[in-house]
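Working notes for the structure below.
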Amino acid sequence: MTNLDLYAKAEHLLGIEEATEALYDLYRSELDEYKIKTLLDVGCGRGGFMQRMISDGVVCKGVDLSAVMIDECLAQGLDAECIDVSEVGGKYDAVVSIFDVLNFLDKDALTKFLNAVSQKLNDDGVFIADINTRYGFSDVAEGTMSNDTEEEFLSVDAVFENDELHTKFTLFEKNADGRYTKHQDTIIQYFHKIRAFEKLDSLKLVEKQTFSLYDTEDKTLLIFKKR
Ligand SMILES: C[S@@+](CC[C@H](N)C(=O)[O-])C[C@H]1O[C@@H](n2cnc3c(N)ncnc32)[C@H](O)[C@@H]1O
């Protein structure tokens, strides 16, 4: 199992449903302005945002590097593939990357990712993404938590140091025979300064809004147009 697949299996135990809904509302209201017909959701997870946009009449495609996430999208009848954004065919009116997706990328990967996103946009296309602020990492994400159900136990231990958040996930899953299987892996998330988005060759940053999902100014919404 990859570390992204472990995240996918653990996500429902993290207690982020309310924050996710609030983010979806924000993206939906921003996209409203652009009257889009087609949407590419990169890092689509289990497809919750695509479901909402489909109900608004938008044709959606999702990609994610976790096969577990994509299987859940396919089970709901969504158009989704476990491929890198650079491999996506066609062009879209809008691309979104919701809930920290850009923070999963280090500096080099981020540059490649943003160039690939630009190539998937129609001429007047818009790209919207959010990133964690430093407070988002140090005040919200850093720390420990645990949660369990009848079938699973999760512990999470996250440390923010040198602009990187290292989150260790330990998940015990109950098997049919009553024994538990342990899965453990680490996800690294990278803090990005806004400056890194201000002079891109392929995308123009047209708006930035810092906002609070939790009690502190923990996220910044970035809106880009294709150059
Ligand atoms: C915090 S989750 C958010 C999922 C979804 N956007 C949502 O709002 O529910 C981040 C997602 O990004 C995916 N991801 C991480 N790096 C990626 C990449 N380079 N390309 C596509 N997906 C990626 C992960 O597998 C995970 O599903």
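All values below were derived from every heavy atom in this structure, side-chain atoms included, with hydrogens, water molecules and symmetry-related copies excluded. Every value quoted in this text rests on a predicted model; they were computed, and no experiment measured them. As the structure lists them, so they are numbered: ligands from 1, and atoms in each ligand from 1.
The closest side-chain heavy-atom distance from Leu39 to Tyr92 is not below 4.5 Å.
Side-chain atoms of Glu217 and Thr210 include no donor-acceptor pair closer than 3.5 Å.
Using bins of under 30°, 30° to 60° and over 60° for the plane-to-plane angle, the ring pair Phe127/Phe113 lands in the tilted bin.
Side-chain atoms of Asp64 do not come within 3.5 Å of backbone N or O of Met69 as any donor-acceptor pair. Judged by distance alone, with hydrogens and angles left aside, the side-chain atoms of Asn103 form a donor-acceptor pair with the main-chain N or O of Asn132 at under 3.5 Å.
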Assess whether salt bridge (Lys or Arg N to Asp or Glu O under 4.0 Å) is satisfied between Glu87 and Lys120, documenting all intermediate values. CA-CA 10 Å; Glu87 298 170 70; Lys120 307 304 157 199; over 6 Å; no
What are the distances between nitrogen or oxygen atoms of ligand 1 and protein nitrogen or oxygen atoms, counting only those under 3.5 Å?
from: ligand 1; atom 1: 6 (N); to: Gly43; atom 2: O; distance (Å): 2.6
from: ligand 1; atom 1: 6 (N); to: Ile98; atom 2: O; distance (Å): 2.8
from: ligand 1; atom 1: 8 (O); to: Tyr24; atom 2: OH; distance (Å): 3.4
from: ligand 1; atom 1: 9 (O); to: Tyr24; atom 2: OH; distance (Å): 2.9
from: ligand 1; atom 1: 25 (O); to: Asp64; atom 2: OD1; distance (Å): 2.6
from: ligand 1; atom 1: 27 (O); to: Asp64; atom 2: OD1; distance (Å): 3.3
from: ligand 1; atom 1: 27 (O); to: Asp64; atom 2: OD2; distance (Å): 2.7

